[in-house]
Amino acid sequence: MALDELKSAVPDYAKDLRLNLGSVIGNSDLPQQQLWGTVLACAIASRSPRVLRELEPEAKANLKPEAYQAAKSAAAIMAMNNVFYRTRHLLSDPEYGTLRAGLRMNVIGNPGVEKVDFELWSLAVSAINGCGQCLDSHEQVLRKAGVERETIQEAVKIASVIQAVGVTLDSEALLAE
């Protein structure tokens, strides 16, 4: 199992990450599609080749093809949106918030899976990318759809652990060169 290989690669100084990785993925209460879509989208968003290489095959095995593509789409569209909307939010001139975005985001309206799943994956990626405006937007959509705060927090926990594991393993790989 690739998850076990990934956990064993985490150095002892980051033992908490190893334990958390096993816990947030192995003991998650999320339905399989939400879990593995979140894992895949976050592995992509982490920008860690090792994390993506280890987690993608298991995600692909646990997702239907349309969910696999949608999770990748969530990571892709949020890579763009998180930069755009975070920048508009951080600029001190509020006029930028009134300008038309003019960016195509059709996949958000028709992701090929349940809207709640896509929104959850988008929220998790937004957590990694640090876009508060996107986090608020996706959280509001999820809450209006009846998603519990615990489910949202579960996705954020997965995002935080995958990101931390990626940073740690990529740093270790660079230090070993």
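Treat the numbers as computed from the prediction; the structure is a model and nothing was measured.
- Sorted by first and then second residue, the salt bridge (Lys or Arg N to Asp or Glu O under 4.0 Å) pairs with a member in residues 11-24 read Asp12-Arg18; sequence neighbours excluded.
- For the pair Gln69 and Lys72, the minimum side-chain heavy-atom distance is below 4.5 Å.
- Hydrophobic clustering, with ILVMFWY side chains joined whenever heavy atoms are under 4.5 angstrom apart, groups Leu40 together with Leu30.
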In residues 97-105, what donor-acceptor pairs under 3.5 Å come from side-chain atoms, sequence neighbours left out?
{"unit_1": "Thr98", "atom_1": "OG1", "unit_2": "Glu95", "atom_2": "O", "d": "2.6"}

Just list the side-chain donor-acceptor pairs under 3.5 Å for residues 112-120, sequence neighbours left out, or say none.
{"unit_1": "Lys115", "atom_1": "NZ", "unit_2": "Ile108", "atom_2": "O", "d": "3.1"}
{"unit_1": "Lys115", "atom_1": "NZ", "unit_2": "Glu119", "atom_2": "OE2", "d": "3.0"}
{"unit_1": "Asp117", "atom_1": "OD1", "unit_2": "Gln34", "atom_2": "NE2", "d": "2.9"}
{"unit_1": "Asp117", "atom_1": "OD2", "unit_2": "Gln33", "atom_2": "NE2", "d": "2.7"}
{"unit_1": "Glu119", "atom_1": "OE1", "unit_2": "His138", "atom_2": "ND1", "d": "2.5"}

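- Atom CG of Leu17 is separated from atom OG of Ser23 by 12.5 Å, given to the nearest 0.5 angstrom.
- Annotation: the span from Cys131 atom SG to His89 atom NE2 amounts to 8.0 Å, rounded to 0.5 Å.
- Under the 4.5 Å side-chain criterion, counting only non-hydrogen atoms from C-beta, Ser46 is not in contact with Leu52.
- In the hydrophobic clustering of ILVMFWY residues, with side-chain heavy atoms under 4.5 Å counting as a link, Val147 and Leu135 come out together.
- Grouping the Ile, Leu, Val, Met, Phe, Trp and Tyr side chains by contacts below 4.5 angstrom, directly or via other members, places Met80 with Met78.
- In the hydrophobic cluster analysis, where Ile, Leu, Val, Met, Phe, Trp and Tyr join through side-chain heavy atoms closer than 4.5 angstrom, Ile44 is grouped together with Leu21.
- Distance CG/Asn62 to OH/Tyr68: 12.5 Å, rounded to 0.5 Å.
- One distance of note links CD of Glu54 with CZ of Arg50; it measures 5.0 Å at 0.5 Å rounding.
- Separation of atoms OH (Tyr96) and CZ (Phe84) is listed at 11.0 Å; rounding is to 0.5 Å.
- Side-chain atoms of Ser137 never come within 3.5 Å of backbone atoms of Cys134 as a donor-acceptor pair (strictly under, hydrogens ignored).
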Going by atom type alone, with no hydrogens or angles, which donor-acceptor pairs under 3.5 Å involve a side-chain atom of residues 154-177 and a protein atom two or more places apart or on another chain?
{"unit_1": "Glu154", "atom_1": "OE2", "unit_2": "Ser28", "atom_2": "OG", "d": "3.0"}
{"unit_1": "Ser160", "atom_1": "OG", "unit_2": "Val156", "atom_2": "O", "d": "3.4"}
{"unit_1": "Ser160", "atom_1": "OG", "unit_2": "Lys157", "atom_2": "O", "d": "2.9"}
{"unit_1": "Thr168", "atom_1": "OG1", "unit_2": "Ala164", "atom_2": "O", "d": "2.9"}
{"unit_1": "Asp170", "atom_1": "OD1", "unit_2": "Ser48", "atom_2": "OG", "d": "3.0"}
{"unit_1": "Asp170", "atom_1": "OD2", "unit_2": "Ser48", "atom_2": "OG", "d": "3.3"}
{"unit_1": "Ser171", "atom_1": "OG", "unit_2": "Val167", "atom_2": "O", "d": "2.8"}
{"unit_1": "Glu172", "atom_1": "OE2", "unit_2": "Tyr13", "atom_2": "OH", "d": "2.7"}

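- Contacts of Glu139 classified as side chain to side chain contact (heavy atoms under 4.5 Å, CB included), with partners at least two apart in sequence or in another chain: Leu123, Arg143, Ile152.
- Here the CG-OG1 distance, from Leu142 to Thr151, works out to 9.0 Å after rounding to the nearest 0.5 Å.
- Under a hydrophobic clustering in which Ile, Leu, Val, Met, Phe, Trp and Tyr are joined whenever their side-chain heavy atoms come within less than 4.5 Å, directly or via other members, Tyr85 and Val125 fall into the same cluster.
- Not counting sequence neighbours, the partners of Lys7 by the salt bridge (Lys or Arg N to Asp or Glu O under 4.0 Å) test are Asp4.
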